Amino acid sequence: MQEFSDKELDYLKLIEKAFSRRLAESETAKVRYWVAQNIPLSEIIRAFEIMVTKVSSLSFPYMAAIVDRWQEQKNGNGKTLMEQAAEIDERYGSEK
């Protein structure tokens, strides 16, 4: 039986809750990889929300592709487009 860190367990529990099922071994391995890469759980859940909106179904590979694409899009300052967008939103959030 595999042993998981507390962080891995927290990620797995929330993602399994979102999918309403246990993750397959390959999906669990992908989640462990995301944890090892310090990908914020909030980014993964945002990818889940986008997946549901775009394909109207639950597709772990689709969600994983979104997360992976965001990581590939990191620029020289090491921030994903999502992180950069959040900073811009925060900067202008008080303006109405």
Side-chain angles (χ1 to χ4, degrees):
M1 183 171 191
Q2 293 181 342
E3 290 195 27
F4 298 96
S5 69
D6 289 342
K7 186 175 181 180
E8 288 171 334
L9 287 172
D10 287 342
Y11 272 54
L12 287 166
K13 285 177 188 175
L14 190 59
I15 294 168
E16 286 178 344
K17 183 177 181 180
F19 276 89
S20 299
R21 66 172 175 81
R22 299 280 308 196
L23 297 181
E25 190 173 322
S26 61
E27 295 167 338
T28 298
K30 188 67 168 180
V31 172
R32 291 185 92 173
Y33 171 78
W34 290 335
V35 170
Q37 295 299 309
N38 291 314
I39 297 172
L41 184 55
S42 59
E43 281 187 23
I44 298 166
I45 296 304
R46 179 66 184 129
F48 174 86
E49 292 170 345
I50 290 169
M51 170 211 48
V52 170
T53 301
K54 295 289 184 184
V55 296
S56 300
S57 64
L58 301 180
S59 170
F60 190 94
Y62 191 97
M63 181 188 75
I66 293 169
V67 174
D68 292 344
R69 186 178 70 240
W70 288 342
Q71 297 313 303
E72 290 168 4
Q73 293 173 339
K74 283 188 176 184
N75 65 10
N77 66 11
K79 295 180 182 172
T80 65
L81 293 177
M82 287 296 296
E83 291 167 332
Q84 294 172 60
E87 286 178 356
I88 292 169
D89 286 345
E90 192 173 302
R91 188 173 342 141
Y92 295 105
S94 61
E95 294 180 11
K96 299 285 179 199

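Given the structure is predicted, the values throughout are model-derived calculations rather than measurements. We number each residue from 1, following the sequence as shown.
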Side-chain donor or acceptor of Tyr11 paired with backbone N/O of Leu41 under 3.5 Å
yes
Can you check whether Ser5's main-chain N or O pairs, donor with acceptor, with Glu8's side chain at less than 3.5 Å?
yes
[X] side, atom [atom1]; [Y] side, atom [atom2] - distance, nearest 0.5 Å:
X	Y	atom1	atom2	result
Leu12	Arg32	CG	CZ	8.0 Å
Glu43	Asn38	CD	CG	11.0 Å
Asp89	Arg91	CG	CZ	10.0 Å
Leu9	Leu14	CG	CG	12.5 Å

Looking at residues at least two apart in the chain, or sitting in another chain, which of them share a ring-ring contact (aromatic ring centres under 6.0 Å, His included) with Tyr62?
none
Sequence neighbours left out, what passes side chain to side chain contact (heavy atoms under 4.5 Å, CB included) with Asp68? Give chain and number order.
Lys30, Trp34
Residues two or more places apart in sequence or in another chain: which of them pass side chain to side chain contact (heavy atoms under 4.5 Å, CB included) with Arg21?
Phe19, Leu23, Glu27, Phe60
Less than 4.5 Å apart, side chain to side chain, heavy atoms only: is that true for Met63 and Ile44?
yes
Does a side-chain heavy-atom distance below 4.5 Å link Phe4 with Thr28?
yes
Least distance between heavy atoms, Gln84 atom then Lys79 atom
NE2-O, 3.0 Å
If you take all heavy atoms of Val67 and Ala47, which pair is closest and at what distance?
CG2-CB, 3.6 Å
Is Lys7 atom NZ crowded by more than 12 heavy atoms from other residues, nucleotides or ligands, each under 6.0 Å away?
yes
